[in-house]
2 protein chains.
Amino acid sequence: MPNSENNGRKSPRRVTLADVAREVGASTITVSRALRRPEMVSEGLRQRISAAVADLGYLPDPAARALASRRSDVIGVIIPSVTNSVFADVLSGLYDTVGGTPYNVQLGNTRYRPEIEEQLIRIFLSQRPAGLIVAGIDQTDSSRRLLESADCPVVQIMELASDPVDMLVGFSHRAAARAATEHLLDRGYTAPTFLGARMDPRSERRLQGFRDALDAVGMSTEGRELTTTEPSSVHLGGALLDRHRARAPGTDAVFCNNDDLALGAAFAAQRAGLKVGRDIGICGFNDLEVMAAAHPSITSVRTFRRQMGETAALRVLDHLGGKETGPRVVDLSYKLIPRSSTDRGA
Amino acid sequence: MPNSENNGRKSPRRVTLADVAREVGASTITVSRALRRPEMVSEGLRQRISAAVADLGYLPDPAARALASRRSDVIGVIIPSVTNSVFADVLSGLYDTVGGTPYNVQLGNTRYRPEIEEQLIRIFLSQRPAGLIVAGIDQTDSSRRLLESADCPVVQIMELASDPVDMLVGFSHRAAARAATEHLLDRGYTAPTFLGARMDPRSERRLQGFRDALDAVGMSTEGRELTTTEPSSVHLGGALLDRHRARAPGTDAVFCNNDDLALGAAFAAQRAGLKVGRDIGICGFNDLEVMAAAHPSITSVRTFRRQMGETAALRVLDHLGGKETGPRVVDLSYKLIPRSSTDRGA
DNA sequence: ATGCATATTGACAGCGCTGTCATACGTCAA
DNA sequence: TTGACGTATGACAGCGCTGTCAATATGCAT
């Protein structure tokens, strides 16, 4: 550790509530109140306490606080991946909203494994969290029971459902995917295929939306789905497109599980000498920033990921603040953004 | 909260060490030891304790533990951005390495603001963290003093320096950028420009490396740098290239601050009818996955971000485990990956 | 048998804070 | 004047765990 050279010198004793209390000639409990419920302490005392706090550099010990109050300042967040930029955006919204409050975000990473999710829920609950935010609605039965018995606000995010554990902020992946597929059909593509990787529950619902759209026009989905459990990547998008075109040369459009795949498909199409848009329609999902900047620009379904994080955090904070106003379920919807990659005339 | 319907029923009392102790007929301290230092407890007792723990579903209370031991299980991580995929990769390595240990990662997001970084350091220190990992070496003076006085292992990451606070895991941005620029010159480009956005301290060092390379061959950097403080994006990469080409039509290569800019530059070049590689050389930085998959593929400098997170976490864990073996400074280096975007003959 | 090191267990206090209940002191209507 | 009431403050215990020191048992050389 940094100061291991001066081992003899012990680290300075921490400044406690008692020190502040002594400084202003009040009791510790009064100082504690001045910090947490200022309105309960008289004007003059409160000011002297603030001064002493600043002066001594007092910082509350979260562990002691948690132990005494049986409530920690931790808002636990459980997501399946830290690298996936979709979750990165959600996190960004979360951190921005929780930053500046007395609460702290603590992240749990399930790596798409339900048993790890369950373990993380247990661990978080053992910390008596202020709130819990979990991605998805496909928890195991016992995870769900744990969440239901939690005595803190719980927000599920990313998806829509009629039976949330507590609160829910998300959108319908199925409807979004259906809209994207209908867009391909509207634009005159006659043989669309679903390209998917990783295939978590959300991806499965998108696939379902794709099927919905084909069903609605009486089109068979036979041979129009190519999915893999491999993690998604740009490279994989290209590989899937190549593989599918080899088997089904008639394919004139692909709806991709996510934008990485779509981008990869676009590169692969260009590499194969196809003109994206005219020869093959490509639609992604999420509308990452790169989709608009790409050449040609790539159609995608915009999702409001950052706002999802913000809203989820706000729902928790509102609950903690006693304002239980908002709705239990928030549908953030989605928005199709048509671009050159699905423009046959382009 | 989930169970607010059954308000009358109080949440089940938590299982404590005392419960386990009672169950096996031992004292709490012995149970505590069986959990933390199993070798100090006799075989038989230890097994009965494990059984009781599993049976009762005992989980230690981290707050009580932290309060009593004056040491929390938190490894604090301070980074400037959650969305930047560079840090996402580092984080992924961190989480993977810390997951499975009794420690917890807690993330602080400075949003590139030194005063927030300082505040975060203070807050983390007030938690008596098990360890601290901070991005960069450009802390304010008082931040640095705080870190130096911390009585936990501290690892600075992302960069190299001769005077780390404690430990350091990173690589030389300057050397990496110089190598990239030299590659452009080697490949026969005669008028390279540095394109940069955000320009944090690391980017400044990359710019310095660019200058080093030009200096070494007696080339002026005059008019060969276009930077902005705007946050980086793919779109911005294209905009910067367009802007620069309008002013300096002779430019035949760009070294971009990061891969997003490089990708955007590539798109913009194609849009302008240039053949990437032949008409304009493009080199990025970090070697994100998309660079290899792009069409044409884009040259970049590979950095070992995930490994940086893993190594930093390992250094902290080793320290905590008492093994103070490894070196204080780890240079993960970098690797230039030449691709089509800097191939004039392609 | 004696003394001493080692292994195993426990008693006790206290980490720094907050929940709860008690106290002191006005204020004001009756 | 009295007492009910609201406001401001404090005393006290205890949250669930661990550091420290003490106690006891065991083994072994003397």
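Throughout, a chain's letter reflects where its sequence line sits, starting with A, and its residues are numbered from 1.
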Have B/Gln47 and B/Glu43 got a donor and an acceptor in their side chains that come within less than 3.5 Å? yes
Nearest heavy-atom pair of B/Gly136 and B/Glu159: which atoms, and what distance? CA-OE2, 3.7 Å
Could you check whether any side-chain heavy atom of A/Val169 comes within less than 4.5 Å of a side-chain heavy atom of A/Leu332, counting everything from C-beta outward? yes
Please examine the side chains of A/Val15 and A/Leu59, heavy atoms only from C-beta on, and report whether any two atoms are closer than 4.5 Å. no
Return the minimal non-hydrogen interatomic distance between B/Leu147 and B/Gln139, and the atom names on each side. CD1-CG, 4.1 Å
Below 4.0 angstrom, which residues in residues 34-51 of chain B have at least one non-hydrogen atom near DNA chain C? B/Val41, B/Ser42, B/Leu45
For the helix from C/dA1-D/dT30 to C/dA30-D/dT1, figure out the bend between the end axes, five pairs an end, and round to 10 degrees. 40°
Say whether A/Arg144 and A/Thr140, considering side chains only, have a donor N or O and an acceptor N or O under 3.5 Å apart. no
Min side-chain heavy-atom separation B/Arg65-B/Leu67 under 4.5 Å: no
Run the numbers on B/Asp151 and B/Arg71 for salt bridge (charged side-chain N to carboxylate O under 4.0 Å, His left out), then give the verdict. CA-CA 10 Å; B/Asp151 67 340; B/Arg71 181 59 60 220; 3.4 Å; yes
Using a 4.0 Å heavy-atom cut-off across all strands, classify B/Arg128 as base, sugar-phosphate, or nothing. sugar-phosphate
Please assess A/Thr311 against A/Arg315 for the test side chain to side chain donor-acceptor pair (under 3.5 Å), listing each intermediate value before the final yes or no. CA-CA 6 Å; A/Thr311 308; A/Arg315 305 299 295 113; over 6 Å; no
Take B/Ala68 and B/Ile29, find for each the nucleotide of DNA chain C with the closest heavy atom, and name the residue whose nucleotide sits nearer the 5' end. B/Ile29
Checking A/Ala161 now: which residues fulfil side-chain contact (heavy atoms from CB on, under 4.5 Å) with it, not counting sequence neighbours? A/Ile137, A/Asp163, A/Leu168
First and last nt of DNA chain C near chain B, cut-off under 4.0 Å to heavy atoms, 5' to 3', are C/dT8 to C/dG16
Between B/Gly25 and B/Arg70, which residue's closest nucleotide on DNA chain C lies nearer the 5′ terminus? B/Gly25
Under 4.0 Å, heavy atoms only, any strand: does A/Ala26 hit a base, just the sugar-phosphate, or nothing? sugar-phosphate
Distance check, rounded to the nearest 0.5 Å: B/Asp141 atom CG versus B/Leu146 atom CG? 11.0 Å
In residues 53-62 of chain B, what residues come within less than 4.0 Å of DNA chain C, judged by heavy atoms? none
Only pairs under 3.5 Å count here: list side-chain donor-acceptor contacts from residues 121-135 of chain B, not counting sequence neighbours, and write none if there are none.
unit_1   : atom_1 : unit_2   : atom_2 : d
B/Arg122 : NH2    : B/Glu118 : OE2    : 2.9
B/Ser126 : OG     : B/Ile123 : O      : 2.8

Let me confirm one number: the OG-CE distance from A/Ser32 to A/Met40, rounded to the nearest 0.5 Å. 10.0 Å
